[in-house]
Each structure stands twice: as C-alpha cells, then as structure tokens.
Trainee: 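One structure coming up, written as structure tokens, with questions to follow.
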Amino acid sequence: MPIPELNLSLGLTDNDGSVFYAGSGEGKVIVRTDSALKQHTITIIISEQQVGSVNLKTHFKGAEIPAEIEVPTYQMLVTDDKTNETEIYKVTRDTYFYKQQSTKKGIWSFLGLKFLAPKNFLFENIPFEPLKEEMEVFDISRYRKLNQEELTYSFQKEDQNIQVFAGDINTLKVEKGISYFVIVDEKKGQRFIGDILYREKFLKLTPKVKLHIIKRKQVSKGMETNKQGRTDRLIYI
C-alpha cells in the first residue's frame with residue numbers, strides 16, 4: 001500500500017508566541033502546516049461522445065473474412081487532482097467477434113448466381129456497459145501491468161472480464177470473454193503510457209487510478225461489414 005503524501009496548506013498567525021510570527025505587529029504571516037494526509041488520484045473518464053473510428057485487426061482465419069474492421073472511437077479524458085492537467089485521447093468501447101458470413105440479396109442472387117453476389121460479414125459485439133447507473137467508477141490501480149511497449153489494466157465486474165489496453169493496436173489479439181477498451185493515439189499508445197508515468201512521477205507516490213465509464217444511450221448488439229471491413233449496418237435488436 002502506498003504511503004500517503006502530507007497535504008501542506010497555508011495559514012495565517014498573529015500569535016506573537018509563534019515561531020512563525022515576524023514581529024513588529026504585522027500579525028499576517030504565512031504559515032505552512034500539515035493539515036491532513038492525502039493520496040493523489042489519476043482520473044480516466046471514458047465518455048459516451050463518439051469522435052471517429054479506427055481499423056482493428058480481426059485475427060480470424062479465412063480467405064474472405066476482413067483482415068480489419070472499422071470500430072467507432074470515443075473521447076477519453078485523463079487528469080489528476082494535483083496538476084489538474086487534462087489530456088484527450090480516443091478509445092474504443094466495442095469488442096466485435098466474427099460470427100458468420102452471408103450473401104447480400106440483389107440481382108445476382110435473384111438470378112441464381114450467388115457466387116457473384118457481394119458478401120456480408122456479421123460480428124457480434126460484447127462490450128462492457130454500465131447497466132443501472134449513468135456512470136460506473138472503478139479503482140484500477142492494482143490491476144496495472146506494464147512492459148516496454150504496453151500498458152494494460154485487467155479487472156472484473158462480476159462475471160465480466162474487462163481490459164484497458166494501450167500499445168500497438170496491430171499487436172492486440174482479442175480473446176473471447178474479454179471486453180476491451182483500446183486506447184488510440186498517434187504514437188501507438190506511447191503518448192498515453194508516457195502521460196500516466198509522468199503523472200505518477202510528478203505525484204511522487206503511487207496514486208490511485210480511478211476509471212469512470214459513462215453509459216451510452218445506444219449500444220449495438222452486432223455489426224455487418226463488407227469484405228473490406230467497412231461498416232454496412234449496426235444491429236441494435
């Protein structure tokens with residue numbers, strides 16, 4: 001358990017018996033005192049605001065299955081209660097697993113030439129989403145795993161496994177049964193990793209890391225893509 005840092009506050013004294021009293025009747029001397037013990041907190045907020053998309057590898061075998069699929073990204077904020085500096089990132093909130101392939105209905109299928117008809121690929125979505133509250137908060141400090149290229153927080157909510165991943169998204173191999181939040185930045189996750197390490201170093205002691213996940217109004221159950229992995233349709237029923 002990290003040792004909390006002394007929270008030093010400023011005060012005033014007009015007590016001429018105090019060692020901080022400057023004399024000459026000023027009666028207004030700044031005093032530095034230990035008011036409380038405080039452990040600082042890094043806050044990560046995953047919002048419901050969609051801000052773009054990213055292509056993630058599917059890692060599925062099959063000649064026609066898309067090598068990558070388009071996944072929406074959402075705004076994520078990182079701050080702490082000492083510097084109050086805020087950085088903005090993008091993060092995925094949906095974890096798509098390949099389910100099946102079908103043929104689009106059209107002129108080719110009508111003519112009985114299904115082999116010429118374009119293909120649809122159905123992916124099932126297994127996300128993590130707050131069920132009851134508008135926002136859920138997790139203390140993920142003790143679930144951190146760091147190496148030279150990746151930073152992950154892997155934890156559980158009841159029977160659901162959750163992982164926050166920062167690193168090269170092309171090396172991530174999704175596992176069935178895990179819902180992923182994949183952090184996307186222009187330096188293959190290194191900007192986020194450096195940001196967290198900088199805050200930890202600046203705060204001097206290992207801080208708490210609180211993850212806030214805001215509930216979305218709509219969450220797709222699945223997605224249909226074309227052969228290139230671009231989204232044709234999101235499925236909500």
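Basis for what follows: all heavy atoms, side chains included, without hydrogens, waters or symmetry-related copies.
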Trainee: Return yes if a side-chain donor-acceptor contact under 3.5 Å exists between Q75 and S47, otherwise no.
Mentor: no
Trainee: Could you check whether any side-chain heavy atom of Y236 comes within less than 4.5 Å of a side-chain heavy atom of Q218, counting everything from C-beta outward?
Mentor: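 Answer yes - side chains close enough.
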Trainee: Is any side-chain heavy atom of F165 less than 4.5 Å from a side-chain heavy atom of F181?
Mentor: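 Of all side-chain heavy-atom pairs linking F181 with F165, none is under 4.5 Å.
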Trainee: Determine, for E200 against R144, whether the closest basic-nitrogen to carboxylate-oxygen distance falls under 4.0 angstrom.
Mentor: yes
Trainee: Might you point out which heavy atoms bring P207 and Q39 nearest each other, and give the distance in Å?
Mentor: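 That would be C-NE2, 3.9 Å.
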Trainee: Taking the side chain as every heavy atom from C-beta outward, state whether L197 and L146 have any pair of such atoms under 4.5 Å apart.
Mentor: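 L197 vs L146: side chains touch.
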Trainee: Judged by modelled atom types alone, do N120 and E224 share a side-chain donor-acceptor pair under 3.5 Å?
Mentor: yes
Trainee: So, do F128 and F138 have ring centers that fall under 6.0 Å from each other?
Mentor: yes
Trainee: For residues F97 and E175, report the shortest heavy-atom separation together with the two atoms involved.
Mentor: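 For F97 versus E175, the nearest heavy atoms are CZ-O, 3.4 Å.
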Trainee: Hey, does E136 have a side-chain heavy atom less than 4.5 Å from the side chain of K215?
Mentor: no
Trainee: Looking at side-chain heavy atoms only, is the closest gap between V219 and N125 below 4.5 Å?
Mentor: yes
Trainee: Under 4.5 Å between any side-chain heavy atoms of K57 and E68, yes or no?
Mentor: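 Yes, at least one pair of side-chain atoms sits under 4.5 Å.
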Trainee: For I42 and I196, work out which heavy atoms get closest and say how close.
Mentor: CG2-CD1, 4.1 Å
Trainee: Check whether any side-chain heavy atom of L172 lies under 4.5 Å from a side-chain heavy atom of E150, and answer yes or no.
Mentor: no
Trainee: Please report, to 0.1 Å, the donor-acceptor pairs under 3.5 Å made by any side chain of residues 84-92, with sequence neighbours excluded.
Mentor:
| unit_1 | atom_1 | unit_2 | atom_2 | d |
| --- | --- | --- | --- | --- |
| E87 | OE1 | R191 | NH1 | 3.3 |
| Y89 | OH | D195 | OD2 | 2.8 |
| T92 | OG1 | V182 | N | 3.0 |

Trainee: Have T73 and Q50 got a donor and an acceptor in their side chains that come within less than 3.5 Å?
Mentor: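 Side-chain D/A pair, T73 to Q50: absent.
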Trainee: Check for me whether R216 meets the cation-pi criterion with Y74, that is, NZ or CZ under 6.0 Å from the six-membered ring centre and within 45 degrees of the ring axis.
Mentor: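 Yes, R216 sits over the ring of Y74.
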Trainee: Pairing donors with acceptors under 3.5 angstrom, does anything connect the side chains of T171 and D168?
Mentor: no
Trainee: Taking side chain to side chain contact (heavy atoms under 4.5 Å, CB included) as the criterion, tell me which of L203, D80, T83 meets it with H40.
Mentor: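 With H40 as partner, L203, D80, T83 yield a single side chain to side chain contact (heavy atoms under 4.5 Å, CB included), made by L203.
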Trainee: May I ask you to test the Y96-P127 pair for a side-chain heavy-atom distance under 4.5 Å?
Mentor: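 They are not in contact (no side-chain heavy atoms under 4.5 Å apart), so the answer is no.
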Trainee: For Q156, does the CD atom sit with more than 12 other heavy atoms under 6.0 Å from it, leaving out its own atoms?
Mentor: yes
